[in-house]
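For reference, the structure discussed in these notes is given below.
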Amino acid sequence: MSGVIVTGPPKADLKDVDALARYGVATVSEAMGRTGLLGPLVRPVQQGVRVAGTAVTVLSWPGDNLMIHAAVEQCGEGDLLVVTTTSPCTDGLFGELFATALQRRGVRGVVMNTGIRDTQALREMGFAAWSRAVSAQGTVKATGGSVNVPIAVDGQVIRPGDVILADDDGVVVVPRERARETAERAEAREAKEAATRAAFLDGQLGLDRYGLRETLKELGVEYRAYEEFTGERP
């Protein structure tokens, strides 16, 4: 497998990246029309952490982390490393030593569509990580691959410089050209949710706030008293 290392790709503005980091993955995906989500199998190795960064992408051979070493050189302040392989792989391609090198360069976290290891150490050093598997299985450094090329994870195309947002709910990718627009839409959505939260705290029901009683009626859903429905007395 030959490959390429692309240097200096365009990136989303870090001000827009940091604006997106104020909102959860679910909110941002909804703000983009329920798009951009990676699948539910990419999960955090820690809890209570949310990060956003510009993607440095890696395409590796299964069981081989050579191209992650090459990618470290391409990473800088505000980036987030995203790694996938040419075919499914759950080996532990990434661990504490990689995290140490990336943290030194200002990288905010890693998303692995593969396995990860040294998870306790990653939590202790405060390096945020999401992965498809946790595995102590080691790897080799023997096959070429690519860095900073478009990759696909769970049907989502991730380009270098796109925004990656990750939290306890999963991971979402925001195209770099849509970062500012999406942050604005997420802000508006959060304001709307705040108003709904206040209404619920005041006792209003979702059935009424969202006009769902008419929907139930249109769908033929009926209210029936227990006695009428069962023929029994409560």
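In this text, all values refer to a predicted model and were calculated from it rather than measured experimentally.
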Rounded to the nearest 0.5 Å, what's the gap from [atom1] on [X] to [atom2] on [Y]? Could you check?
X: Thr114; Y: Asp91; atom1: OG1; atom2: CG; answer: 8.0 Å
X: Cys89; Y: Gln137; atom1: SG; atom2: CD; answer: 9.0 Å
X: Met67; Y: Trp61; atom1: CE; atom2: CH2; answer: 13.5 Å
X: Ile116; Y: Phe98; atom1: CD1; atom2: CZ; answer: 11.0 Å
X: Thr85; Y: Ile151; atom1: OG1; atom2: CD1; answer: 10.0 Å
X: Glu214; Y: Leu219; atom1: CD; atom2: CG; answer: 10.0 Å

Apply side chain to side chain contact (heavy atoms under 4.5 Å, CB included) to Asn65 and Lys141, showing your working.
CA-CA 6 Å; Asn65 67 4; Lys141 302 163 181 60; 3.1 Å; yes
Exercise: identify the closest heavy-atom pair between [X] and [Y]:
X: Val163; Y: Ala179; value: CG2-CB, 4.0 Å
X: Ser135; Y: Thr90; value: CB-O, 3.2 Å
X: Ala199; Y: Arg209; value: CB-NH1, 3.4 Å
X: Tyr223; Y: Arg213; value: OH-NH1, 3.5 Å
X: Val25; Y: Asp167; value: N-OD2, 2.9 Å
X: Ile68; Y: Leu93; value: CD1-O, 3.7 Å

Side chains of [X] and [Y] in contact at under 4.5 Å (non-hydrogen atoms):
X: Arg108; Y: Val17; answer: yes
X: Val172; Y: Leu37; answer: yes
X: Trp130; Y: Val51; answer: yes
X: Met32; Y: Pro175; answer: yes
X: Phe94; Y: Leu102; answer: yes
X: Thr27; Y: Glu193; answer: yes
X: Glu177; Y: Arg159; answer: yes
X: Asn148; Y: Thr7; answer: no

With no hydrogens and no angle check, is any side-chain donor or acceptor of Arg50 less than 3.5 Å from a backbone partner on Arg22?
yes
Does Arg178 use its side chain to pair, donor to acceptor, with the backbone of Ala183 at less than 3.5 Å?
no
For the side-chain contact (heavy atoms from CB on, under 4.5 Å) test, which of Asp162, Val82, Leu165, Thr35 pairs with Val173?
Asp162
Please report the C-alpha distance between Leu59 and Thr86 in whole Å, then the side-chain angles of each, then the deciding distance to 0.1 Å, and finally whether the side chain to side chain contact (heavy atoms under 4.5 Å, CB included) criterion is met.
CA-CA 7 Å; Leu59 179 63; Thr86 56; 4.1 Å; yes
Return the orientation label for the Phe200 and Tyr210 ring planes: parallel under 30°, perpendicular over 60°, tilted otherwise.
perpendicular
Does a side-chain N-to-carboxylate-O contact under 4.0 Å join [X] and [Y]?
X: Asp154; Y: Arg132; answer: yes
X: Arg105; Y: Asp79; answer: no
X: Glu184; Y: Arg180; answer: no

Side chain to side chain contact (heavy atoms under 4.5 Å, CB included) evaluation trace for Gln46 with Leu122
CA-CA 9 Å; Gln46 67 285 307; Leu122 296 180; over 6 Å; no
Is there a continuous path of hydrophobic side-chain contacts, each under 4.5 Å between heavy atoms, that joins Ile5 to Val110?
yes
side-chain hydrogen bond (donor to acceptor under 3.5 Å, both in side chains) between Arg176 and Thr54: does it pass, once the steps are laid out?
CA-CA 8 Å; Arg176 56 181 181 256; Thr54 44; over 6 Å; no
Would one find more than 12 heavy atoms of other residues, nucleotides or ligands at under 6.0 Å from atom [atom1] of [X]?
X: Glu228; atom1: CD; answer: yes
X: Arg34; atom1: CZ; answer: no
X: Glu181; atom1: CD; answer: yes
X: Arg185; atom1: CZ; answer: no

For Gln156 and Val171: C-alpha separation, side-chain torsions, deciding distance, then whether side chain to side chain contact (heavy atoms under 4.5 Å, CB included) applies.
CA-CA 11 Å; Gln156 300 297 332; Val171 182; over 6 Å; no
